[in-house]
4 protein chains.
Amino acid sequence: MWLPIDSRSSTPIYQQIIDGIKERIAKGVLEPQSKLPSIRELAMDLTINPNTIAKAYQELERGRVIEVVRGKGTFVCALTEAPRSASQLPLLRESLKKLLVEAHHLNVPFSEVTQELENMIASWFEEKEGE
Amino acid sequence: MWLPIDSRSSTPIYQQIIDGIKERIAKGVLEPQSKLPSIRELAMDLTINPNTIAKAYQELERGRVIEVVRGKGTFVCALTEAPRSASQLPLLRESLKKLLVEAHHLNVPFSEVTQELENMIASWFEEKEGE
Amino acid sequence: MWLPIDSRSSTPIYQQIIDGIKERIAKGVLEPQSKLPSIRELAMDLTINPNTIAKAYQELERGRVIEVVRGKGTFVCALTEAPRSASQLPLLRESLKKLLVEAHHLNVPFSEVTQELENMIASWFEEKEGE
Amino acid sequence: MWLPIDSRSSTPIYQQIIDGIKERIAKGVLEPQSKLPSIRELAMDLTINPNTIAKAYQELERGRVIEVVRGKGTFVCALTEAPRSASQLPLLRESLKKLLVEAHHLNVPFSEVTQELENMIASWFEEKEGE
DNA sequence: GTGGTCTAGACCACC
DNA sequence: GTGGTCTAGACCACC
């Protein structure tokens, strides 16, 4: 598996791995129940310290995004394992607020934000289909 | 001036101050040309070290969000000083992508994201008017 | 007399005044022996605190660029009052070095620096003649 | 690494460090991709507080002169990362103007400025080769 | 090991 | 009054 890692970025490498895997899952490139590469394998692919991969996997497991099956490997969780709760809408709203603040300081009108969001949703699963 | 600061958060305090001020500007609570509290004053209000406030103000000045007038104080920049360039849409799209990834992992359907965004835009300047 | 002053610049205002007057003298706009505006007059013109103008004039007097004649006013020094000494070439070389360091980091080739310098010299007294 | 620091100068120490490092890079003494001393190491060498070195490094990183690799250290950027843009010639011209103003007040004729500049360019990389 | 953040407190230049 | 710099020393995350 390949993920875009920038060792010069201020975002920690383990966080970049988390973000990259979550994005691939969200886009449907990594499907529920599918197997992830082993820590060593991914460390080799990305030429990164295995400890760093391990930290990313631990965080993803804590967040119920992936699960470790002893002796078999690591797998993407089924959707039902992360059921929706009332606490999740406030989190999303917080992100939405930050998005609008950013848009304002980039001088992008809100109407364009809505438009861009709709465009992105429309083409969201493209990467998966083109796979 | 009050800003919500969480000293236990992993987000640095100076960054929380930056975010808080940018949000107040974006919502119109802090208008262009209006005066910000002095470093010492804000440090007292938030019971935070003046150096930390100074770092936040310096970052905001570098980003052309605020400007320092020698010996007089610090002021919100006029809008025209941060003109829009072609490099800004990609930044917004990156944020939009992260938003959709987050929504997926929170089990919030994209249609609801769009709906929430429109609601938030509709009530964006409420805080200012209620002031 | 008008000078370009930016109260938001990180260069102190009194320094901007010094630089502006030195530039006008170097370009021949202000000729040797010519009279400068009084402190009060210049303070009015630039809408700046008279103390700030006074500080600039004091520094210029210390550097033998201008001289105060009691009861008559302030005048540009004659050239002969700032005779050339051996200590001045090193100062210029220090400035030249900084110029080349800057050019390197701006990715401007040295050949272009030389060319730009010659162009600038060729058109140096234009402002005076157009006066 | 040694840099000439004057703690009595009006130029801030962190700025002197920035200038010194930029000069060493421009002269080729510090080559692209080469490693800079760690903050603590340089602080020891120059007997300066680590915070001051850190500020200098952060400014240099913002200017894309150096880059931080997490946990590994700080390195000189590759040249291609600071591409030339149209906004850079005006900055150089501003510096050239200041140079000519200074030359005039030092009583150094412009012909000698040109001559000194050409001499300096001719011997620019000497320090590197003599290394 | 590396750099990043924060506090406490001092001193300074500028207006 | 204002912001800017610096020290001394602590603690933290990352690799």
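The figures that follow rest on heavy atoms only: side chains count, while hydrogens, waters and symmetry mates do not. Each chain gets a letter, A, B and so on, in the order the sequences are listed, and its residues count up from 1.
- Taken to the nearest 0.5 Å, the CZ atom of A:Arg93 stands 12.0 Å off from the NZ atom of A:Lys97.
- For B:Tyr14, no side-chain nitrogen or oxygen approaches OP1 or OP2 of E:dC6 to under 4.0 Å.
- Residue contacts for D:Asn51: at a heavy-atom cut-off of 4.0 Å it reaches a base atom on one of the strands shown.
- One N or O on the side chain of B:Arg70 and one on the backbone of C:Ser10 form a donor-acceptor pair closer than 3.5 Å.
- Comparing atom distances between the B:Arg70 side chain and each of E:dC14, E:dG4, E:dC6 picks out E:dC14 as nearest.
- More than 12 heavy atoms of other residues, nucleotides or ligands sit less than 6.0 Å from atom CE of D:Met1.
- Between the side chain of D:Arg40 and the base of E:dG3 there is at least one donor-acceptor pair of N/O atoms closer than 3.5 Å.
- Each of B:Glu41 and D:Lys72 has a nearest nucleotide on DNA chain F; the 5'-most of these lies closest to B:Glu41.
- Protein atom CD1 of C:Ile18 is 13 Å distant from nucleotide atom C1' of E:dC14, rounded to whole Å.
- Nucleotide E:dG4 holds its C1' atom 17 Å from the CD atom of A:Gln15, rounded to whole Å.
- When each of D:Thr11 and B:Val68 is assigned the nucleotide of DNA chain F bearing its nearest heavy atom, the one mapping closer to the 5' terminus is B:Val68.
- Remark: B:Thr74 is in phosphate contact with F:dG3, judged by side-chain N or O atoms under 4.0 Å from OP1 or OP2.
- Rounding to whole angstrom units, CD1 of residue B:Ile48 and C1' of E:dG9 are separated by 17 Å.
- Remark: D:Ser38 is in phosphate contact with E:dT2, judged by side-chain N or O atoms under 4.0 Å from OP1 or OP2.
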### Task
Starting from the C-alpha separation in whole Å, work towards a yes-or-no answer on side-chain hydrogen bond (donor to acceptor under 3.5 Å, both in side chains) for D:Ser95 and C:Glu102.
CA-CA 9 Å; D:Ser95 297; C:Glu102 186 189 7; 2.6 Å; yes
### Pairing annotation in dot-bracket form, given for DNA chain E with Watson-Crick or G-U pairs under 3.5 Å and | for cross-strand partners
||||||||||||||.
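- Residue D:Tyr57 places no side-chain N or O under 4.0 Å from the OP1 or OP2 atom of E:dG3.
- Here D:Asn49 lies in heavy-atom contact (under 4.0 Å) with a base.
- At whole-Å resolution of the value, CD in D:Gln16 and C1' in F:dT5 are 12 Å apart.
- In this structure, CD of D:Gln58 is placed 14 Å from P of F:dC6, rounded to the nearest angstrom.
- F:dC6 atom P lies 13 Å from atom CG of D:Leu46, rounded to whole Å.
- The distance from atom CD1 of B:Ile53 to atom C1' of F:dT5 is 17 Å, rounded to the nearest whole Å.
- Here the P atom of nucleotide F:dT5 and the CG atom of D:Asp6 are 17 Å apart, to the nearest Å.
- Closest contact between the side chain of D:Glu61 and the listed nucleotides E:dT5, F:dC15, E:dG4 involves E:dG4.
- You'll find that the side chain of A:Lys55 is closest to F:dC14, out of F:dC14, F:dC6, E:dC14.
- Each of B:Ile13 and C:Ile13 was matched to the nucleotide of DNA chain E holding its nearest heavy atom; the match closer to the 5' end belongs to B:Ile13.
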### Message
Quick one, D:Leu42 with D:Tyr57, criterion side-chain contact (heavy atoms from CB on, under 4.5 Å). Give me CA distance, side-chain angles, the key distance, then yes/no.
### Response
CA-CA 11 Å; D:Leu42 189 52; D:Tyr57 274 25; 3.6 Å; yes
